[in-house]
Amino acid sequence: MVMAFIFMLLGLSSTKPNVEAATPLQQAHATFYGEGSGGACGYANLNTDGYGFQNAALSTVLFKNGAACGGCYEITCDSAKDPQWCIKGKYITVTATNFCPPNSSLPNNNGGWCNPPLQHFDMSTAAFETIAYYKAGIVPVLYRKVPCTRSGGIRFTITGKSNFELVLISNVGGPGEISQVWMKASGSNKWESLTRNWGANWQSLSNLQGQSLSFTVHASDGRSVTALNVIPANWASGQSFKSNVNF
């Protein structure tokens, strides 16, 4: 029990399921693609952004136009369906960091794995090999949403200039998925509602130069946290700042 808890904290594989997971297991398939990528979610570096090799690109139905970015999934190979290629009893928790695009020129059961309405995970190679053998290529899996365990606070990375700023929000614990963000600049008394530009990037059309910035992050489970003055007034485009709050 102690070892399973340690594995869960580290995001590594274990032979025991996540007992905190309340959602039932669902069926899907999984493939792999190299080391993984922050791609369509916008994460620049999966290590510094808190995700490491335990990541996956999601098919259209799971990606939800970027709303799924940062969410965590417990995945195990369905050894009852594929005893030859599954590593029985192993599971891994991965973070949604990218989009697996559909390929309408290929059939859903032969290459078009990410076509709607399929539920599919295109995992990093290391994550895939935790639950299945490399030669399999594609395997049936069972999965469910689980809470994300992160080290440290939520990270805010700001880019842009003048009246267009993008804020990448990463290393989000708990539900992992963000549904809404509000920002307050030190030169204003009002909280501005940001809009999702793409993936985990949230957009402001205000001129924020020379102002410290606070954020309220609303997660998909309804909870909110506020990071006050997490970005200092002397910030520059491309800089990243870690808060002292998380879910």
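With Ser179 contributing its side chain and His218 its backbone, the two residues share a donor-acceptor pair below 3.5 Å. Put simply, the side chain of Asn163 gets close to the backbone of Asn207: a donor and an acceptor are under 3.5 Å apart. Judged by distance alone, the side chain of Ser59 and the main-chain N or O of Leu118 form a donor-acceptor pair under 3.5 Å. The closest donor-acceptor contact from the side chain of Glu129 to the backbone of Ala126 lies at 3.5 Å or more, if one exists at all. Between the side chain of Tyr43 and the backbone N or O of Gly70 there is at least one donor-acceptor pair closer than 3.5 Å. Between the Asn55 side chain and the Phe53 main chain, a donor and an acceptor come within less than 3.5 Å of each other. Of the possible donor and acceptor atoms, none in the side chain of Ser204 sits under 3.5 Å from a partner among the backbone N and O of Leu194. In this structure, the side chain of Ser243 does not engage the main chain of Gly153 through any donor-acceptor pair within 3.5 Å. Of the possible donor and acceptor atoms, one in the side chain of Thr125 sits under 3.5 Å from a partner among the backbone N and O of Gly34.
Within 6.0 Å of atom CZ in Phe241, more than 12 heavy atoms from other residues, nucleotides or ligands are found, so the atom counts as buried in its surroundings. No more than 12 heavy-atom neighbours from other residues, nucleotides or ligands sit within 6.0 angstrom of CD on Glu35.
Looking at every heavy atom in both residues, Gln211 comes nearest to Trp235 through O-NE1, 3.2 Å. Heavy-atom minimum distance, Gly173 versus Phe247: O-CB, 3.6 Å. For Ser188 against Lys190, the heavy-atom pair with the smallest separation is OG-N, 3.0 Å. The heavy-atom pair separating Asn229 from Ser214 by the smallest distance is N-OG, 2.7 Å. Taking each heavy atom of Val61 and Gln119 in turn, the nearest pair found is CG1-CG, 3.9 Å. Taking both residues in full, the closest heavy atoms of Thr226 and Val245 are given as O-CG1, 3.7 Å, listed atom of the first, atom of the second, then distance.
With sequence neighbours excluded, the residues that form a side-chain contact (heavy atoms from CB on, under 4.5 Å) with Ile138 are His29, Thr31, Trp113, His120. In terms of the side-chain contact (heavy atoms from CB on, under 4.5 Å) criterion, residue partners of Cys77 (sequence neighbours excluded) are, by chain and number, Cys86, Ile131, Ala132, Val139. Judged as a side-chain contact (heavy atoms from CB on, under 4.5 Å), and not counting sequence neighbours, Ser151 has no contacts.
A side chain to side chain donor-acceptor pair (under 3.5 Å) check over residues 168-177, counting only residues at least two apart or in different chains, returns the pairs Asp49-Ser170, Lys145-Glu177, Glu177-Ser220. Screening residues 177-247 for disulfide bond (SG atoms under 2.5 Å apart), with sequence neighbours left out, gives no hits. Listed by first and then second residue, the salt bridge (Lys or Arg N to Asp or Glu O under 4.0 Å) pairs involving residues 198-215 amount to none (not counting sequence neighbours). Every pair passing ring pair (Phe, Tyr, Trp, His ring centres under 6.0 Å) that includes a residue from residues 144-169 is listed here, sequence neighbours excluded: Phe156-Phe215. Note on residues 189-247: no pairs pass disulfide bond (SG atoms under 2.5 Å apart), not counting sequence neighbours. For residues 76-85, the set of pairs meeting the side chain to side chain donor-acceptor pair (under 3.5 Å) definition, not counting sequence neighbours, comprises Gln27-Lys81.
Inspection of the Ser206 and Glu165 side chains reveals no N or O donor paired with an N or O acceptor under 3.5 Å. With 3.5 Å as the limit, one finds a donor-acceptor pair spanning the side chains of Gln180 and Ser193.
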*Begin with the C-alpha distance, continue with both residues' side-chain angles, and end with the deciding distance and a verdict on side-chain contact (heavy atoms from CB on, under 4.5 Å) for Arg144 and Ile75.*
CA-CA 7 Å; Arg144 59 185 160 196; Ile75 302 177; over 6 Å; no
*Give the C-alpha distance, both sets of side-chain angles, the deciding distance and a yes or no for side-chain contact (heavy atoms from CB on, under 4.5 Å) between Ile87 and Thr130.*
CA-CA 8 Å; Ile87 302 176; Thr130 301; over 6 Å; no
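The hydrophobic cluster analysis finds Leu228 isolated: no Ile, Leu, Val, Met, Phe, Trp or Tyr side chain comes under 4.5 Å of it, directly or through other members. In the hydrophobic clustering (ILVMFWY side chains linked at under 4.5 Å, chained through shared members), Trp191 is joined by Trp182.
Centroid-to-centroid, the aromatic rings of Tyr134 and Phe32 come within less than 6.0 Å.
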Distance-only check: which donor-acceptor pairs under 3.5 Å involve side-chain atoms of residues 95-103, not counting sequence neighbours?
| from | atom 1 | to | atom 2 | distance (Å) |
| --- | --- | --- | --- | --- |
| Thr95 | OG1 | Arg150 | NH1 | 3.4 |
| Thr95 | OG1 | Arg150 | NH2 | 2.9 |
| Thr97 | OG1 | Ser37 | O | 2.8 |
| Asn98 | OD1 | Ala40 | N | 2.8 |
| Asn103 | OD1 | Ser105 | N | 3.2 |
| Asn103 | OD1 | Ser105 | OG | 2.5 |

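Test Thr159, Asn45, Thr157 against Ser240 for side-chain hydrogen bond (donor to acceptor under 3.5 Å, both in side chains) and you get one pass: Thr157.
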